[in-house]
Every structure is written in C-alpha cells, then in structure tokens.
Amino acid sequence: MNDLPRQRNVENQAEGAAFAPVVMKFGGTSVQDAAALRRASKLVKRRLDLHPVLVISALAKVTDQLLSAGKLAAQGNEDSAKGILQTLKQRHEHLVSELVTGDESNELLAFLHQEFEAAEKLIHSIAAEGGFSPRAQDHLLGLGESFSSRIAALALRQSGLDTVWVDAKQCIITDAVHTQATPLWDDTNERLERHVGPLVKAGRIPVLGGFMGCTRDGIPTTLGRGGSDFSAAILGAGLQACRIEIWTDVDGIMTTDPRLCPDARRVPKMNFQEAAELAYFGAKVLHPATLLPAKRRNIPVWVLNSKNPESNGTEIVADTDESGRVKAVTAKRGISVVDVEPVRWLAPELLREIFEVFEKHHHGLDLLSASPNSMSLLVSSTAGLPVIAEELKGLAHLRWENHKALVSLVGEKIRRRPEIASQVFSSVADIEMRMICQGASERNISFLVDESQAEEAVRRLHKIFFSSQEAQPEVVQYQGLCQAGGSWQ
Ligand code: ASP
Ligand code: MG
C-alpha cells in the first residue's frame, strides 16, 4: 500500500507548527451524560492556548445498542429494534434538554428527530432484507458518533467555547472495507487541511465524530470498533498536532486489568511499540491501529482520565530510556488455534497460498508458529474457517481448537533478559501451555493457555513483576509541551 501519510515539505511544516493543535479525543464514558460533558468543557478550557481539536465517541454503550438493533432487525424482530432506537432517542434528547437552550436546542432536536427517522428507515430495510450487511452496519453504527458529536459541539459552545461541528465523513476518506476501513491518506490529509486547518487558524474549536469515515463515493464507513482513537491519530497526523490526548475513564495504561489484579498500577511512560503490542495483545485502552499515524509523525500520545484529570496518565513517545523491563501483562481471550498440516510439505508456495486464502476471506491472523511439517495459526474468529478449510482441501488439512487465551508480557527488549523468561515459565509451570510464541519482536513473551487458566496465569505473573517493584518515578505531565505559555490551572 502506498497510502502512507503524505510527507509535507519543510515550508509547510514551519507554517503548520505555529498552529500545531492538541487533538483531544473523548471516549464514550467521557461524554456519556451532562456531568461528563461539563467535565469535558473544563478540560478543553485548560487547553485553549494549544488550539484544541475535538474527537467525540458515541455516548457510552450506544454503539453496542445500535449493533443489537441491527442484528434484531435482521432476525425479523423489527419492533424490538425500533424499541432500542426509541430509548436511544430519548437519552439523546434528554442530554440536549440538560445542556443546550434556546433556538440552538430546537434546531438540534429537529436534527435528531430527522436522524432517528432515517435510522428507523434503515432498520426497516434491514428487516425487509433479512440481512445486516457490513455496509448497513457502518451506516447504522456511525449514527452514534453523529449524534454525540453534534450534541457535544453545541453543549460546549453554550458553555463558552467557540466550537464548530465538522462532519467527519467529509474529512476521513477511506477505502470501502466496511466495518474495518482504512484511510486514504492523501485524500484525508487534503480534506483536513481544507475543512479543519482554517478553523484552527481562526482560533475556533472543531468538533468531529470519531470512528466514522466515508468512501470517495460518499458511502459511510467505520474504522473498526474502538476506532475513535484511530480518528484522533489520523487527525493528529494530518494536522501535525503537538500531542494527541485520549481522554478515558481510567488513569492511563495499567500494568494489567485492574479487575483481575486490584494492585494493577498505572504505567507512566512507554514507547509506541510497547503500547501497540499491548493494544494488540488485549489491553482494552487503545485501539491497536491508533498509534501508527502518531508514530510516523512522532506525535506524543497521552492516555488520561477525564474523571481524574490530576492523575498524570500514560505518556506514549518514540523513545523511553527504560528497557529490559516488563511494562504490563495482558490476556487476549477468544483465541482459536488452527493447525495446518500440508498434504506434502510446507513449501513456500503453499505458505503463500494459505495466506492468500485467509486474506481473500478477510480473516485476520494473530500469530503463527511453524515447523517443517506443520504450522499453527492463531485467530480471533473462527467464522470463516470452514470455507477456508474447504478451499485449501487437497493442499492442507485444517483443524482448530477454540477457547484459548494468549497471555503476554510486554516490555522493550525483555527478550534479551533470559532471566525474565525463566521466571515466567517457572511461575506457570503447572499450567498447561499449548504453545509458546517466539515472535519476531524482542518486546514480548507470549504463550497460549486454555481460557479457563488465563486469569490465574496473569495474576501470578503480575505478582512476580509488579508487587515487589518500587513505585516508578513519576513523570510530570505538563512539562516539555510543544508550546510555551499554556495555562494549566
Ligand atoms: N463508538 C465506537 C465503538 O464503541 C468507537 C469508539 O468509541 O471508539 O466502537
Ligand atoms: Mg470507546
């Protein structure tokens, strides 16, 4: 793919630098109700000197509810699907009534009314077709961000901020891979320069819905679940932001899931690769693709808590001077292991064929391990496997086992310290490992266990690597910002 973010010339960079904005992304729980939006307004007011650009997720749980509505409609249960829409409509109207007044409120309510009517029509056509196509799914799910971003733009405006709503569908131009679209970078950057850049320069605060995009032909797409983080990074890269802030409801990236280990701690700082691996290996805080555009442009990303803004969060940067240290332990559930046994041997042409068949069916592969006579693939969905097995018949046999979990330790260069691996494997010696993943990366050690054993493995590992460590030195959050003179009260 040659759709990498466009390299700007030096002149543009110099011109852009004066307006290097801060992209602030507010997740679902950070905009879910009036109290959350009031908090968001205060946070944006603290950033005024940094030219904020806002990316807004759907209100908490809305995307899931839209998805259930679509599925119910496809199963012929149109009334229940419409019931969900009604409840959603009331929730959004209530939020408007709490935060927006006057003519603007009436206009917004009229807009919501229209959008919900369109949503009902869509539900009706899904029910009539008896199928929920990926294209219809993108259309329906994107509405969540359309509602929330419109409401946030006006609510923040009436709280004294000079916000202006910008249609993300006019800015984030993607391919047509519905439910998992990828931006067409040149188009997107050009649109951002056209629709968002001038507003920033004029001192206004653009507000965009996250998660959604649009094809060149104007068909709505989405960037994959959790994709608002990705939207923030796309905007950050396109606008040459000085930083990207992901405002969520936890104190930052944690050493493990706090629900599993109550003594999980915030990781103050990590590098892009560590964060990407963590996201990939199951930490829920960031969308795995988020960091790529930020990394390419070397834009620091902060994960911050909108309910506890005084916490320092996690800073993700190109380089940290720590290495050889375990940063976090994760478990990725719902993994299946697919054994591929070639009819003859694992020749390079066969490998190519196998990957092509998986790709053709848009079937992601998580990891693989190979020996001359067989290969094991890890996948997070078995949906396409029967068809793939059928296509490869005659070349290889496929067998798969479900309900596995991939337990991973992540930290720059931890592989270079053999004592870490030996501590890991001795602490889980009595847990059966289906596979040890010797991937190409030096920054993770992963192994596959039965899902039922995953929590125990994570707890033991967390105890070894984090219960005895001294608290890590704090990084002062607002030092070294790209622009001086901000007010950080
Ligand atoms: N609302 C979308 C989702 O829940 C995108 C996001 O919040 O990042 O997946
Ligand atoms: Mg989210």
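Remember, it's 1-based here, ligands and their atoms both numbered in the order they're listed. Values below: all heavy atoms of this structure, side chains included; hydrogens, waters and symmetry mates excluded.
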* Asked: Minimum heavy-atom separation for Arg297 to Gln240, with atom names?
  ->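 Reported closest heavy-atom pair: NH1-CG, 3.5 Å.
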* For Gly144 and ligand 1, answer yes if some heavy atom of the residue is under 4.0 Å from a ligand atom, otherwise no. =>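 False for this residue.
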* Under a heavy-atom criterion of less than 4.0 Å, does Gly227 contact ligand 1? ->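 A heavy atom of Gly227 does come that close to ligand 1.
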* Can we say Arg443 and Glu274 salt-bridge, meaning some charged N sits less than 4.0 Å from an Asp/Glu carboxylate O? ->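 Salt bridge between Arg443 and Glu274, a charged N being under 4.0 Å from a carboxylate O: no.
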Does ligand 1 come near enough to [X] that some N or O of the ligand is less than 3.5 Å from an N or O of the residue?
X      : answer
Asp229 : no
Gly226 : yes
Arg225 : yes

* **Atoms of ligand 1 close to Ser57 [distance to a heavy atom under 4.0 angstrom, numbered from 1]** =>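 Here the atoms of ligand 1 in question are 6 (C), 7 (O), 8 (O).
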* Would you check if the distance from the ring center of Phe147 to the ring center of Phe111 is below 6.0 Å? =>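 No, too far apart.
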* To do: Report, as yes or no, whether the 6.0 Å neighbourhood of atom CZ on Arg204 holds more than 12 heavy atoms from other residues, nucleotides or ligands.
  =>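 Yes, enclosed.
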* Using the six-membered ring of Phe230, assess whether NZ or CZ of Lys25 lies under 6.0 Å from its centre and within 45 degrees of the ring axis. =>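 No.
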